[in-house]
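Just so it is clear: chains get the letters A, B, ... in the order the sequence lines come, proteins before strands, and each one is counted from 1.
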Amino acid sequence: MFDEKLKREFAKRVLAGEINDSLDGKHVNVFGWVHEVRDLGKLVFIVLRDVSGVCQVVFRRDELDESALKALNSLSNESVVFVHGVVAKQPKSRLGVEIVGETLKVLSQAAPRLEYDPTEKVSASLDVRLKHRILDLRRQKVKPIFILGSAVLKALRDFLYGRGFIEVRTPKIIGSATEGGAELFEVKYFDRVAYLAQSPQLYKEQLTTVFEKVFEIGPFFRAEQSHTRRHISEFTSVDIEQAFADMDDVMKTLEEAIAYVYQHLVNNHQKELSMLGLTLKVPKTPFKRITYDEAVGILEKDGISLKWGEDFGTPHLRALAKHFHGFYFITGFPTEIKPFYIQPSAENPSISESFDLMYQWLELASGGTRVNEHSVLRERLIQKGLDPKQFEDHLKVFEYGMPVHAGWGLGFERLMMVLTRHTNIREVIVFPRDRFRLTP
RNA sequence: GCCCAGGUGGUAUAGCCAGGUUAGCAUCGCCGGCUGUCGCCCGGCGGACCCGGGUUCAAAUCCCGGCCUGGGCGCCA
């Protein structure tokens, strides 16, 4: 019960992470989870954890009243407690400061012997960690990932709002699966079949005719059989689309957005970065740009040749990454391997106005200039073996006045992998959904 | 989907190749002790061979199938 008495105590709460020398001698209230107990007999140390971090509380059994003693003896790891005590500088403590506990209340008793121990004394496999994800998230090496994730989303929004973009939301339940490409999930939609959206592409293009600059940050779904460290069934895409712009304009927006995110984390999140053992350097813009043709040439010299017109496979990208460190763009992919809405180049229609943003061998984003002429778009659909009739609603918009426009989609979790140096995308998703994982 | 590796107490592992041990160690949980721990320490107790079939006097160990996990590749407007 969160009664009036407890509420009054909570109003005077100090966070564990804020317990420091300057509070020496002050009475404080702390609320949190029992991270660890070290019982020495007459002396009991508990490490208390809350959202901000951990602090140490010491109890002297001799000096406690009966209710505090009882609470102390029943303490289990991860129980929620309220502690009132005096802050004391303590050179004998590794943190240099501790709370001498005077009262202790167990607010929620945790079951003994949890399935998984967040103190990091024994390691656990990723599979076990994800099965008990809530306990895993409490670890000091995991929680900061998601605090940073929140900061990245804020930075991206701040940046895009600052550039005059309007945030939009497009449907995640769609009626047609005819666009080709990725496999879609089927869902029951009353008495009809519907699909989960794989991207906001067509909607965001249409919306540029109203709002000119739009962006969306949202979940999208791919029903691929992929079994890799960088693919999942449900992911978050950061998508922008801009009217009166071409690929060069939106590439600039993209690299500046990335640099802005880095700067935001460096300025405001040193604590989380250091908890994860990370030091970030803001990448220099503009990023390096190479063309598809140049990349093919480099691969050829390395003896990993590729027929012109083919897309890069994983071995190709890994080989390329040996030549380019950090972020770089690959531009001008063959029109053949790009979707119907990508604009073929005017000088050479077999090359398209397209780009991918890479980090080493990881593809982070892809985008380009879009086809904006109704007749060309219709033609491109037919070339791709798609049926223009299935795209009536979309094509119609191209008769309502469609300026030249461009945009990109950035994989949010892939950016998080790069920022936090994790090699498995599941590490940076709270509850990942992959080919074999549907719970928790 | 294909290829490779693996599945031993709640967790992390040894044992498996060369079949026969009371299945070892750590952590964990419980009980007891300890006034400066910080991966506390010390003593006691508890808890495991993924499932099914086969070979054998005997299977955690060898063989076959399944399920699951990790990694690689493919798929991935």
inquiry  = Within the 4.0 Å heavy-atom criterion, would you say A/Glu98 contacts the bases, only the backbone, or no part of the nucleic acid?
reply    = base
note = One should report the stems of RNA chain B, each a stretch of at least three consecutive Watson-Crick or G-U pairs at distances under 3.5 Å, as B:1-7 with B:67-73, B:28-33 with B:41-46, B:50-54 with B:62-66
request  = Classify the nucleic acid contact of A/Phe436 as base, sugar-phosphate or nothing, counting any heavy atom under 4.0 Å across all strands shown.
outcome  = sugar-phosphate
ask   = What nucleic acid atoms does A/Tyr116 come within less than 4.0 Å of, heavy atoms only: base, sugar-phosphate, or nothing?
value = nothing
remark   = Protein heavy-atom contacts under 4.0 Å, written 5' to 3' over nucleotides 40-50 of chain B as B (base), S (sugar-phosphate only) or - (none), form the string B-----BB---
ask   = Ignoring hydrogens and angles, are the base of B/rC75 and the side chain of A/Ser226 linked by a donor-acceptor pair under 3.5 Å?
value = yes
Just list the side-chain donor-acceptor pairs under 3.5 Å for residues 357-375 of chain A, sequence neighbours left out, or say none.
unit_1: A/Thr369; atom_1: OG1; unit_2: A/Met247; atom_2: N; d: 2.8
unit_1: A/Thr369; atom_1: OG1; unit_2: A/Glu353; atom_2: OE1; d: 2.7
unit_1: A/Arg370; atom_1: NE; unit_2: A/Glu241; atom_2: OE1; d: 3.4
unit_1: A/Arg370; atom_1: NE; unit_2: A/Glu241; atom_2: OE2; d: 2.8
unit_1: A/Arg370; atom_1: NH2; unit_2: A/Glu241; atom_2: OE1; d: 3.0
unit_1: A/Arg370; atom_1: NH2; unit_2: A/Gly407; atom_2: O; d: 3.1
unit_1: A/Asn372; atom_1: ND2; unit_2: A/Met402; atom_2: O; d: 3.0

inquiry  = Nearest to the side chain of A/Thr228, heavy atoms from C-beta on, is which of B/rG72, B/rC76, B/rG74?
reply    = B/rG74
query = A/Phe45 side chain: which of B/rC76, B/rU37, B/rC73 is closest?
reply = B/rU37
ask   = More than 12 non-hydrogen atoms from neighbouring residues, nucleotides or ligands closer than 6.0 Å to CZ on A/Phe431, yes or no?
value = yes
task = Determine the contact category for A/Arg437: base if any of its heavy atoms lies under 4.0 Å from a base atom, sugar-phosphate if only primed atoms, P, OP1 or OP2 are that close, otherwise nothing.
result = sugar-phosphate
inquiry  = Between A/Glu336 and A/Lys338 (salt bridge meaning N to carboxylate O under 4.0 Å), is one present in this structure?
reply    = no
query = Is A/Arg94 near enough to B/rG39 that one of its side-chain N or O atoms lies under 4.0 angstrom from OP1 or OP2?
reply = yes
query = Contact class for A/Arg380 (heavy atom, under 4.0 Å): base, sugar-phosphate, or nothing?
reply = nothing
task = Assign A/Arg426 to base, sugar-phosphate, or nothing according to its heavy-atom contacts below 4.0 angstrom with the strands shown.
result = nothing
message = Does A/Asp311 reach a base, just sugar-phosphate, or nothing at all? Heavy atoms under 4.0 Å.
response = nothing
inquiry  = Closest approach to the side chain of A/Gln225, judged atom by atom: which nucleotide of B/rC76, B/rC30, B/rG74 is it?
reply    = B/rG74
request  = Could you please name the option among B/rC73, B/rG36, B/rA12 that lies closest to any side-chain atom of A/Ser125?
outcome  = B/rA12
